[in-house]
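As the structure lists them, so they are numbered: ligands from 1, and atoms in each ligand from 1. Bear in mind that the values here come from a model prediction, so they are computed numbers and not experimental data.
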Amino acid sequence: MILESIGASMLLVGAIRTSNMSDQKKIEKIFEYTKTWIKTEQGNTKKCQFIRKAPISDVGTEYVYRLPLGMPFKKLEYLNENVGVFKDGLHKNVELDWDGGMLHVNVYETDLPRSWPYRFENKNGWKVPIGKTYKEVVWHDFDEVPHLVGGGTTRYGKTNLMKVIMTDLIKNHPQDVELYLIDLKAGVEFSKYQKLEQVKKVATNIEQTYDLLNEVCTRLEIKQAQAREQGWSNIIDTKDNSRIFIIVDEAGDIPDEGFMDSNERKTRKECQWMLSHIARIGGAFGFRELFFSQYTTADVLPRQIKQNADSKICFKIQNGYASEVILGEKNTQAADLPKIKGRAIYKDGPDLIELQVPYISDRLMNYYLKEYEGGADEPASNGDTDLAIEFRDVD
Ligand SMILES: Nc1ncnc2c1ncn2[C@@H]1O[C@H](COP(=O)(O)OP(=O)(O)O)[C@@H](O)[C@H]1O
Ligand SMILES: [Mg+2]
């Protein structure tokens with residue numbers, strides 16, 4: 001059974017790490033240790049067959065193997081979940097990928113950046129940069145996957161990612177994007193964005209959250225009626241470019257139920273219902289939900305929201321169980337992330353990608369967005385000189 005063989009192989013992996021075998025030899029040894037082969041009824045062993053190797057730009061090498069016919073998908077998935085065996089054995093970063101009967105073992109000489117500064121780029125559509133891997137920038141496309149759920153221990157970068165997403169959406173679609181912000185950490189993070197033209201409402205307590213969500217639900221009904229009248233079923237197929245984002249930071253910071261009176265408890269339940277409702281049916285009508293929390297229990301992260309968000313992102317988290325709550329069963333990887341701020345596992349459909357999320361300082365965000373702060377143009381402040389230094393330092 002592959003499960004046992006991976007456990008046992010960890011011991012052997014230590015031995016190959018210190019040997020001076022080539023990376024290709026090491027990969028093939030690991031295939032042996034992990035029994036990545038097929039046994040035929042006649043008792044023959046059919047192994048992965050080396051096809052070629054090729055450089056991945058200047059960051060690593062790709063090794064391509066032909067998989068033996070009949071290799072179960074489950075076995076490959078399991079191997080991928082245990083990609084740590086390759087990382088340990090080669091003492092390098094490794095990613096596995098398979099398609100059309102081929103297994104690609106990508107070996108990287110470089111590490112992920114410990115910090116990756118955000119820069120705005122004009123682009124088409126509703127894509128935002130979500131992070132950088134060993135080899136490329138990963139984008140989250142809100143027209144493909146409308147909702148995003150995020151988790152991770154406090155101080156590892158959830159709010160920063162929401163700021164990156166807000167900045168990028170506003171810069172790229174100043175006319176079409178509308179934002180509803182829910183910040184239950186008493187508004188310490190989001191209150192200051194109230195003055196942006198694109199920000200419709202900011203809620204900082206449970207009553208305001210209730211009003212905000214009511215407004216969104218009413219708008220959703222109007223859009224649904226419009227769709228019926230005009231005969232469309234998904235906004236992305238129409239000329240309507242408006243998109244409404246509901247961004248929830250620290251959803252779990254709603255006061256403990258024990259301290260709530262029954263009215264508050266009822267309001268909280270209704271808020272959760274509305275958030276679930278928007279997640280469940282809003283996508284087709286241009287409503288996008290971002291739901292981030294350090295708490296990952298079911299009463300904070302309603303099942304409906306999780307089920308309707310096909311992408312998830314999880315920063316460093318306390319244990320494998322908490323990681324599974326965000327990323328799905330058996331996906332414990334966020335617990336093993338290094339203690340680096342902004343380092344996360346992004347789940348895009350079935351793919352799990354380790355990446356470094358872009359970092360934006362408050363000053364840079366202010367620089368990008370100050371033209372959207374209603375009212376008279378403010379004279380350029382001295383801060384711009386400092387900002388020039390910031391650009392120079394990081395580029
Ligand atoms: N992507 C990142 N890259 C580098 N540093 C980051 C990143 N995200 C956050 N940080 C640092 O960590 C601090 C805490 O991040 P924050 O987003 O407030 O965490 P959370 O909301 O998860 O508690 C930030 O003030 C910043 O200094
Ligand atoms: Mg935060």
Side-chain angles (χ1 to χ4, degrees), residues 110-121 128-134 136-140 148-169 179-193 199 202-205 209 245-255 289-297 300-301 311-319 322-323 325-327 334-335 337-347 353-369 386-387 390-391 393-395:
T110 52
D111 225 333
L112 284 182
R114 291 181 73 89
S115 183
W116 182 51
Y118 170 77
R119 289 293 170 266
F120 174 70
E121 264 175 55
V128 298
I130 200 100
K132 194 168 184 343
T133 66
Y134 309 109
E136 63 195 357
V137 176
V138 176
W139 304 85
H140 178 88
L148 179 65
V149 158
T153 315
T154 185
R155 303 295 296 158
Y156 273 99
K158 295 183 297 296
T159 302
N160 169 77
L161 174 58
M162 279 179 273
K163 290 177 182 172
V164 165
I165 293 174
M166 276 164 56
T167 307
D168 206 70
L169 290 171
L179 303 170
Y180 285 88
L181 309 180
I182 300 175
D183 174 4
L184 294 170
K185 235 178 185 166
V188 288
E189 301 280 5
F190 287 169
S191 287
K192 54 181 179 281
Y193 307 125
V199 174
V202 181
T204 60
N205 63 35
T209 302
F245 283 75
I246 300 93
I247 302 186
V248 190
D249 193 6
E250 293 306 351
D253 277 10
I254 305 175
E289 208 166 272
L290 276 79
F291 191 96
F292 280 54
S293 175
Q294 61 176 300
Y295 305 102
T296 49
T297 54
V300 173
L301 175 56
S311 287
K312 278 117 190 169
I313 188 157
C314 193
F315 295 87
K316 175 86 185 157
I317 205 159
Q318 59 274 29
N319 56 48
S323 170
V325 173
I326 297 289
L327 297 174
L337 284 170
K339 290 184 172 166
I340 297 173
K341 288 173 190 290
R343 188 63 59 89
I345 305 281
Y346 174 61
K347 183 169 189 288
I353 308 166
E354 183 177 338
L355 40 71
Q356 183 70 27
V357 167
Y359 172 70
I360 190 164
S361 64
D362 283 337
R363 207 164 40 162
L364 186 59
M365 186 169 178
N366 183 45
Y367 166 82
Y368 278 135
L369 299 184
D386 297 347
L387 202 69
E390 186 174 321
F391 271 104
D393 284 351
V394 292
D395 283 342

**Q** Do side-chain atoms of Lys316 reach the backbone of Leu337 as a donor and acceptor pair under 3.5 angstrom?
**A** yes
**Q** Could you identify the single nearest non-hydrogen protein atom to atom 1 (N) of ligand 1 and state the distance to 0.1 Å?
**A** Val357 O, 2.9 Å
**Q** Could you check whether any side-chain heavy atom of Leu148 comes within less than 4.5 Å of a side-chain heavy atom of Phe292, counting everything from C-beta outward?
**A** yes
**Q** Backbone N or O of Val357 within a donor-acceptor pair of the Arg343 side chain at under 3.5 Å?
**A** no
**Q** Does Glu136 CD have over 12 foreign heavy atoms under 6.0 Å away?
**A** yes
**Q** Tell me every residue that passes salt bridge (Lys or Arg N to Asp or Glu O under 4.0 Å) with Lys158, counting only those two or more places apart in sequence or in another chain.
**A** Glu250
**Q** Distance under 4.0 Å to a non-hydrogen atom of Thr154: what atoms of ligand 1 satisfy this?
**A** 23 (O)
**Q** Could you identify the single nearest non-hydrogen protein atom to atom 2 (C) of ligand 1 and state the distance to 0.1 Å?
**A** Gly342 CA, 3.6 Å
**Q** Judged by atom type as modelled, is there a donor-acceptor pair below 3.5 Å linking the side chain of Gln356 to the main-chain atoms of Ala344?
**A** no
**Q** Out of Lys158, Arg155, Glu189, who is nearest to atom 23 (O) of ligand 1 when you count heavy atoms only?
**A** Arg155
**Q** Determine whether a donor-acceptor pair (N or O, by modelled atom type, separation under 3.5 Å) exists between the side chain of Asp183 and the backbone of Phe190.
**A** yes
**Q** Could you tell me which atoms of ligand 1, counted from 1 in the order shown, lie closer than 4.0 angstrom to a heavy atom of Pro358?
**A** 1 (N)
**Q** In the structure I gave you, are the side-chain heavy atoms of Pro129 and Trp139 within less than 4.5 Å of one another anywhere?
**A** yes
**Q** Using a 3.5 Å distance criterion without hydrogens, assess whether the side chain of Asn319 forms a donor-acceptor pair with backbone atoms of Ala335.
**A** no
**Q** Can you report which non-hydrogen protein atom sits closest to atom 12 (O) of ligand 1, along with the distance?
**A** Lys341 CD, 3.1 Å
**Q** Considering only heavy atoms of Tyr156, which atoms of ligand 1 have at least one such atom less than 4.0 Å away?
**A** 19 (O), 22 (O)
**Q** Using distance alone, decide if ligand 1 has a nitrogen or oxygen within less than 3.5 Å of any nitrogen or oxygen in Gly157.
**A** yes
**Q** Side chains of His140 and Ile313: closer than 4.5 Å at any heavy-atom pair?
**A** no
**Q** Looking only at protein heavy atoms, which one is nearest to atom 6 (C) of ligand 1, and what is the separation?
**A** Tyr359 CD1, 3.5 Å
**Q** Just to confirm, does any protein heavy atom lie below 4.0 Å from atom 26 (C) of ligand 1?
**A** yes
**Q** Does Tyr368 use its side chain to pair, donor to acceptor, with the backbone of Phe120 at less than 3.5 Å?
**A** yes
**Q** Under 4.0 Å from a heavy atom of Asn160: give me the atoms of ligand 1 that qualify, with their elements.
**A** 1 (N), 2 (C), 7 (C), 8 (N), 9 (C), 17 (O)
**Q** Count up the protein N, O or S atoms sitting under 2.8 Å from the Mg ion (ligand 2), would you?
**A** 1
